[in-house]
Structures are given as C-alpha cells and as structure tokens.
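The structure appears right after this line, and notes come after that.
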Amino acid sequence: MDRVLVCSAWPYANGPIHVGHVTGSLLPADIFARFNRLVGNETLLISGSDMHGAPITVSADKEKVPPEVIADRYHEINSKAIEGLGISFDLYTHTHTSNHQEVVNEVFLELLEKGHLKRMTTPQYYCDRCSRFLPDRYVEGTCPHCGADHARGDQCDACGMDLNAQDLKSARCQLCSSSPELRETEHFFLKLSDFTGGLKEYVEARNHWRPHVRSFTLNVLDEGLLDRPITRDISWGVPVPVDGFDSKRIYVWFEAVIGYLSAAKQWAATKSDPDAWERFWKDGSCRSYYFLGKDNIVFHTIIWPAILTGVGGLNLPYDVVANQFMNLGGQKFSKSMGVSIDIPELLTKLRPDVVRYYLSANMPEFKDSEFSWEDFAQRVNSELVATYGNFVHRALSFTFKNFATVPAKGDLDDRDRAALERITDASRSVSEFLSACEFREALKSLMDLAQSGNQYFDAVAPWALVRSDRDRCETVLHVSLEICKALAVLGYPFLPFSSESIWKGLGMDGSLEETGWKGLETPLNEGAALERPAPLFAKMEATAFGGFSQFSVLNLKVGKVLSVEPHPDADKLYVMKVDVGKPITIVSGLKDYYTADELSAKTLVILTNLEPAKLRGVKSEGMLLAAEDGDKLALLTPEKELVPGTQISSGLELTDKQISYKEFQKLDMRAGVMASADPPRIQVGDKVLGCAASGGETGGKYAALVLDDSALVMHGPDGVKMVFDRDIPAGARIR
RNA sequence: AGCGGGGUGGGGUAGCUUGGAAAUCCCAUCAGGCUCAUAACCUGAAGAUCGUUGGUUCAAAUCCAACCCCCGCUACCA
C-alpha cells in the first residue's frame with residue numbers, strides 16, 4: 001500500500017470559484033485522490049480558501065466591510081460548491097485560522113534562524129491622507145519614458161514599460177490623488193538565491209513531471225532567482241512574528257503555500273492522532289502531488305520547495321501537475337470581464353457528474369482548451385448519455401423487464417470471454433493513465449469500454465435470445481452487467497455519484513466507495529432482486545445554458561445629442577454633449593463621416609461605463625457605438641424613439657463597474673441580417689448564427705452581440721432593437 | 001517588446017519528445033443494420049498534399065531555418 005498526499009491549489013476567497021478552478025486543480029486532484037483511495041492507498045486530500053491578500057481588502061473597502069466578511073462569505077459559498085461537485089476533501093480549510101498562523105510563524109522563525117531571511121530597508125511611497133503605504137500600482141504619475149500622464153507605478157499602459165514607482169514624475173496616490181512621500185520601510189526578504197543550486201538538481205531529477213512544467217521551471221532557474229520580500233505594509237494577513245513589525249503582514253505568496261502543511265496538521269488535530277500529518281510530510285516514501293493551473297507553477301516548483309528545503313525534514317513535491325487554461329470564447333476566464341461560469345450557479349442547473357464529465361473530457365492537460373456550451377452539450381449527449389448512460393440503462397432495464405433478478409452465468413463462449421477480456425484491458429489502462437495523471441486518456445479508456453459494451457450487446461442480441469434460449473440469454477446479460485459493474489468501478493473517480501447508483505442498481509452489497517477497486521472481481525449477486533432502473537443521465541440543451549454574461553459588463557444607454565463642437569486641438573474629433581439621463585461629454589472620431597448638423601439631436605447608443613479617457617486633452621466619458629466596415633460607418637440607434645438614459649440591457653443583468661477600452665475591444669458585436677424569424681437566425685458576415693433570444697423581422701438589419709456560434713440581438717425594454725442610421729454590410733464590426 | 005502555447009478533413013481534436021506503410025477519436029454528412037434502450041445503439045463510406053516557404057534525410061505532420069496568423073502570461077484569478 002502506498003501513501004499519497006494530494007494537494008489542490010487554494011482558491012482565492014474573493015469570488016465564487018469558476019470553471020477554471022475546477023478544471024485546473026480541484027477536479028484533477030479529486031479524481032486522483034478518489035482513484036488512490038479506490039486502489040487502497042492511504043490518501044490525504046487537502047486544500048482551503050486563500051483568505052489574505054490585497055484584492056480582498058479592495059473588495060472590502062468597496063463594500064465598506066472588514067476583509068473577514070468578504071473572505072468568510074466566499075469561503076462559505078465555495079465550500080458548499082466544492083462539496084456539491086463531489087470534491088472529496090479530507091479537509092477544506094482556509095488561511096485565516098490560528099492554526100495556519102502558528103504554522104506560518106514556525107516556518108518563518110525556522111527560516112530566520114537558519115539564515116534564509118534577511119532584513120532590508122527600501123523606499124516606498126506613503127500616502128499621508130490615506131495613512132498607508134501604497135503598493136506600486138496604487139501610485140500614478142508621469143511616465144519617465146514616454147511622458148504619458150496616467151502611468152501606474154508598476155507599468156505604463158501607454159508605452160508598456162515596466163516601472164518602479166520611484167521613477168514616476170509627480171507621483172500621486174491613486175486613491176485620493178494627493179502626493180505621497182517616499183519613506184523608508186524595513187522588510188524581510190527570502191533569500192531564494194540560497195536555493196538555486198539545490199532546486200536545479202531537484203527539478204532536473206524530476207523526469208516524470210509534465211514537460212512544460214519542468215522546462216518552464218528550469219528556464220526560470222537559469223535566469224537566476226532574486227530575493228523576494230515576504231512582508232509588506234498592509235494590515236490584512238498573517239502577522240509577522242518579530243518585534244517592531246506590528247504594522248506589517250506576511251506576503252500572501254509566501255504564506256498561502258504553507259497552507260499545505262498547516263492544513264495537514266489541522267486535519268491530524270481533528271483525528272485522534274495529532275501526529276498523523278507526519279506520515280504524509282516526513283516519511284520519504286509518501287508521494288505528494290500538487291494540482292494547479294499554469295500561472296501558479298513557480299510557486300509550487302520553486303518557492304514552495306525552497307521554503308521546505310529551508311525548513312528541512314519535509315517532503316518536497318513529488319509531482320507538480322499543472323494544467324493549462326480552459327478558455328471561454330477564446331478568452332481567459334476572468335471575473336472582471338464577465339468571462340466566467342461560476343460553479344455555485346452551474347450546480348443549480350446541472351448534476352455534478354455531468355459537469356465533472358465534461359470538464360474531465362476537455363481538461364486542459366497539455367494545452368489550453370476551450371469551454372463552450374455547444375461542445376458541452378454535444379459531448380455530454382453523445383458520449384456520457386448516449387454511449388455510457390444508455391448502455392447501462394439498456395442492459396439493466398432489459399434484464400429487469402425479462403428477469404427482474406440478477407441473471408445466472410452459464411457456459412461462456414468466445415465472444416463472452418472476449419467481452420470480459422475488455423474489462424481487464426480497460427481496468428489496466430484506466431489505472432495506468434490515472435497513476436500518470438493522464439485524465440483525458442483514462443476517461444477515453446472508460447468510454448471505449450462503454451462502447452465495447454454496446455457492441456457486445458448488439459452482437460449477442462439478448463432480445464432475440466430471450467425467446468429462443470433463456471439460459472443463454474441470462475448468461476449474456478450477466479456478462480453485460482459485469483461490464484456495467486466495471487464501468488461503475490472504473491468510472492468512480494470521474495463520476496462518483498453515478499457509479500454508486502449503478503453499483504446499487506446492480507444489487508451489489510455495500511457501497512462502491514468502501515468496496516474499492518476489488519469490486520471488479522466481486523461477483524454479481526445472482527438471483528438478487530433488481531430495482532426498476534432509471535436512466536442515469538438526461539440529455540441537455542445547449543441553448544438553455546449559454547450565457548452572454550460577458551456582455552453584461554457593457555452598460556449601454558440611449559443618448560440624445562445635445563451639442564456638437566469640433567475638437568479645439570484635433571482634426572478628426574468632435575466634442576459632443578450627450579444626454580444619457582444626465583449630460584456627459586463624449587469625444588468621438590466622426591468628423592470624416594458626419595457633419596455636425598447631421599449629428600445634432602440624433603438618438604444614439606452610448607457605452608456609459610467606459611473608463612474616462614482624455615483624448616487630445618478633452619475628457620471623454622463614454623463612447624458612442626457605430627458599425628464599421630472598411631471606410632463605411634453607421635451609427636447605432638434604437639428602432640423606436642426611446643427616452644435618453646434608457647438602459648439597453650439586451651436582457652442581461654448589468655454591472656455598474658467601469659471597463660477599460662481594452663476589455664471593451666475584446667467583445668464581439670456585429671451588424672447582422674435576420675435570416676429567419678422562427679427559429680431566430682441571424683446572418684453575420686458569411687455565417688448564420690442562432691439567436692439566443694427573440695430576433696427581429698426577417699431581412700431586418702440589427703446590432704447583435706456575438707459569442708461563438710450564437711448571437712443575441714441587442715435590445716432595450718419591450719424588445720426595442722438597435723438598428724443603423726446608414727446602410728452597412730452585415731458582419732460589420734461594432735465599436 | 002519579452003516569455004510561453006497553438007495553427008492537422010466542415011467543427012473540435014490525437015499524433016510531433018524517440019522521423020518510416022499518406023494520419024487518431026468525437027460531432028456533423030451519406031449508405032446500411034437492429035429494435036432491448038434516452039430517435040438510442042451497431043456496421044460501413046466520403047472527406048485532410050498535417051499554416052506558408054525553404055532545408056536536412058532513402059524517408060517529415062513529426063527535425064532545422066525563415067515567415068504569416070491566432071491566443072495566453074508579463075497585473076499575486078486554475
């Protein structure tokens with residue numbers, strides 16, 4: 001029996017977990033842990049919420065509540081979602097516990113004593129009015145390279161240069177705009193340089209790591225490691241266990257990874273055996289696996305091993321299984337951009353095994369993968385439902401109807417033996433692939449077994465035998481049910497809920513969880529009564545779930561032009577006052593297309609929550625939407641007159657958050673011609689897309705939000721759609 | 001700009017590390033079969049000169065070079 005410690009990266013408690021967390025760390029870790037328990041390995045699966053760090057304090061400030069409120073809220077929500085998904089943690093804790101603080105302190109002091117930490121004093125901006133030190137990106141000023149006015153302390157967006165806050169000219173506090181002063185502040189640094197050599201050796205010996213993880217890490221090591229500060233001037237986080245550091249906290253990047261150790265200790269404390277954690281951390285034969293996303297690699301292959309080496313006597317990661325990203329509509333999942341499918345919400349609509357199936361089958365193990373509802377529905381329907389679920393159901397329901405008990409096994413012929421052979425093959429390959437953390441391949445082997453079940457069932461045709469040879473029929477059904485049982489056992493790591501229900505449906509004793517892998521050999525209970533079987537999975541509709549939620553960041557309103565002036569300082573720009581419920585100023589580049597007269601009193605569609613930007617010295621507080629095709633341009637306007645300020649929500653929930661121009665540009669909106677009204681389909685360029693909501697009249701030309709292969713016609717209240725004031729080809733990009 | 005990933009039949013993909021019978025699987029398409037099952041399952045067919053251009057080689061999707069596209073990271077979000 002082996003022993004494995006399975007660690008899943010810690011989700012940040014600043015929002016609900018989303019598909020990315022599940023596919024990157026939670027699900028692979030769970031599959032791996034379930035598999036190991038199944039085959040009888042002593043397994044500990046742990047993780048928790050990362051409660052500290054600046055983004056949580058930012059959210060807290062915004063809501064005017066203490067950071068604990070935010071962190072606790074999402075810890076609560078996420079714990080539930082994780083449980084709902086069937087992630088079988090032995091402990092899911094968080095980093096804001098006294099236990100974690102103690103363990104972090106121990107580690108910190110141990111490193112200090114061994115000389116791996118050093119104190120250094122650095123200048124840092126301090127804002128008097130906010131009475132706080134400012135992180136680099138909270139400092140704003142003039143870029144020393146290009147002279148742009150709104151450069152942030154960490155980077156200048158205008159020229160893309162990396163900066164130090166001290167380099168900025170006329171620095172301002174981004175929070176209150178007052179001038180901060182440079183103050184000396186003392187911090188602890190982790191001397192990563194101490195570890196470079198050892199780490200290199202360690203990583204080079206890890207030939208079983210995924211190639212991208214290993215080569216990426218070696219790359220970073222070759223570039224050399226800089227000593228990094230592990231404390232900072234903030235108030236939310238783990239206190240520094242050294243006198244004179246009361247106003248400082250330990251940096252999250254250093255403290256959060258220690259959660260793996262503190263969680264194991266906490267788990268042990270809740271058992272009768274408080275030293276139990278040592279079996280997983282001090283016994284060199286225990287292998288530790290870490291599941292995370294690729295953005296987290298260095299923390300697990302360099303920083304965490306460095307800390308562990310520094311402390312000494314603790315196991316370094318055996319494998320760091322980093323996944324790539326699962327994207328949505330070609331973009332990275334990102335809450336701030338509304339590109340997100342959060343799990344709590346998803347679970348209200350779908351059963352956990354269905355979600356687990358798709359995310360496993362499409363897991364970004366070696367390269368990024370793409371999440372789409374269409375693909376989701378297709379894979380679930382054709383693979384999980386039609387091949388896997390249907391096989392189990394046809395075998396079980398046929399048996400139930402004709403025998404109502406588990407049929408007896410008579411003499412086997414070659415075909416039967418070959419079918420049983422497939423089970424052995426499948427169990428071998430599933431177990432090999434899972435041991436190697438190749439989840440997609442393992443799942444593929446499972447589905448192949450389901451298909452071979454269908455082939456067998458077809459070939460032996462029990463529906464004919466039941467009339468000609470009942471004994472023979474019992475035998476082939478017995479073999480079929482053996483295949484079902486194997487599907488349950490082998491599928492358990494992926495589909496735990498369905499597997500248990502198959503196990504029960506077959507009339508097996510106990511639970512599959514406690515029976516384990518040896519359930520493959522456990523004989524069927526011949527003669528046992530069967531319950532009436534029900535299908536395992538139902539088909540799903542892609543359109544029922546598809547969301548255009550990423551467009552909800554657009555706060556669009558009807559605007560009426562009040563005045564149009566030429567820009568005093570630019571050839572192509574107008575400065576317009578527009579009434580969107582309140583008058584705002586918009587600078588637009590329409591001079592080549594429209595005269596001032598043409599624009600006056602026009603009703604337009606205005607993006608109102610764009611970050612204000614200065615265009616040639618005049619501040620623009622929004623943007624009017626227009627379709628553009630080559631040198632043609634047409635403005636969007638409601639098909640019926642609407643009062644200025646009317647929301648154009650297109651039926652989406654709106655946020656009032658500001659978006660940057662860059663984010664806005666990533667959203668795809670087009671002019672489209674309705675190809676048919678029922679079902680609603682719209683032609684955009686040379687593609688015909690299905691419409692998510694009601695469309696307009698056939699032949700009408702409307703503005704549409706485009707996402708993958710579906711479109712949503714932009715509309716305001718009462719379904720008033722947005723049209724164009726000039727002729728523009730379908731497919732023209734709206735911006 | 002730097003770093004990283006990718007461009008394979010209509011869509012999505014495997015293979016590329018360790019070059020070798022013109023290429024995997026799913027969906028869609030077409031033709032059959034079956035009727036137990038959730039119009040499901042089974043069998044077969046059509047369909048790709050493997051981003052472009054050069055090179056190495058007896059032989060390249062697979063190695064090398066250049067180029068063209070797409071995307072992510074560089075913001076403490078897997």
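Throughout, protein chains are lettered first and strands after them, A, B, ... in sequence-line order, and every chain is numbered starting at 1.
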On a whole-Å scale, what distance lies between the [atom1] atoms belonging to [N] and [M]?
N     : M     : atom1 : value
B/C16 : B/C64 : C1'   : 14 Å
B/A14 : B/G5  : P     : 15 Å
B/C71 : B/G12 : P     : 15 Å

In Watson-Crick or G-U wobble terms, both distances under 3.5 Å, what is the partner of [N]?
N     : answer
B/G44 : B/C30
B/A66 : B/U52
B/C36 : none
B/U18 : none

Sugar-phosphate, base or nothing in reach of A/Pro462, heavy atoms under 4.0 Å: nothing
Sugar-phosphate only, base, or nothing, as touched by A/Phe391 at under 4.0 Å among non-hydrogen atoms: nothing
Under-4.0 Å side-chain N/O to phosphate OP1/OP2 contact, A/Gln451 with B/C42: yes
Distance test, side-chain N/O of A/Asn390 to OP1/OP2 of B/U38, below 4.0 Å: no
Is_stacked (A/Trp463, B/C36) at 5.5 Å, 30 deg: yes
Sole candidate of A/Leu27, A/Leu350, A/Leu443 that passes side-chain contact (heavy atoms from CB on, under 4.5 Å) when paired with A/Arg356: A/Leu27
Qualifying residue, where the test is ring pair (Phe, Tyr, Trp, His ring centres under 6.0 Å) with A/Tyr290 and the options are A/Phe32, A/Trp209, A/Tyr260: A/Tyr260
A/Phe89 side, atom CZ; A/Ser79 side, atom OG - distance, nearest 0.5 Å: 9.5 Å
Between A/His75 and A/Tyr92, ring centroids under 6.0 Å: yes
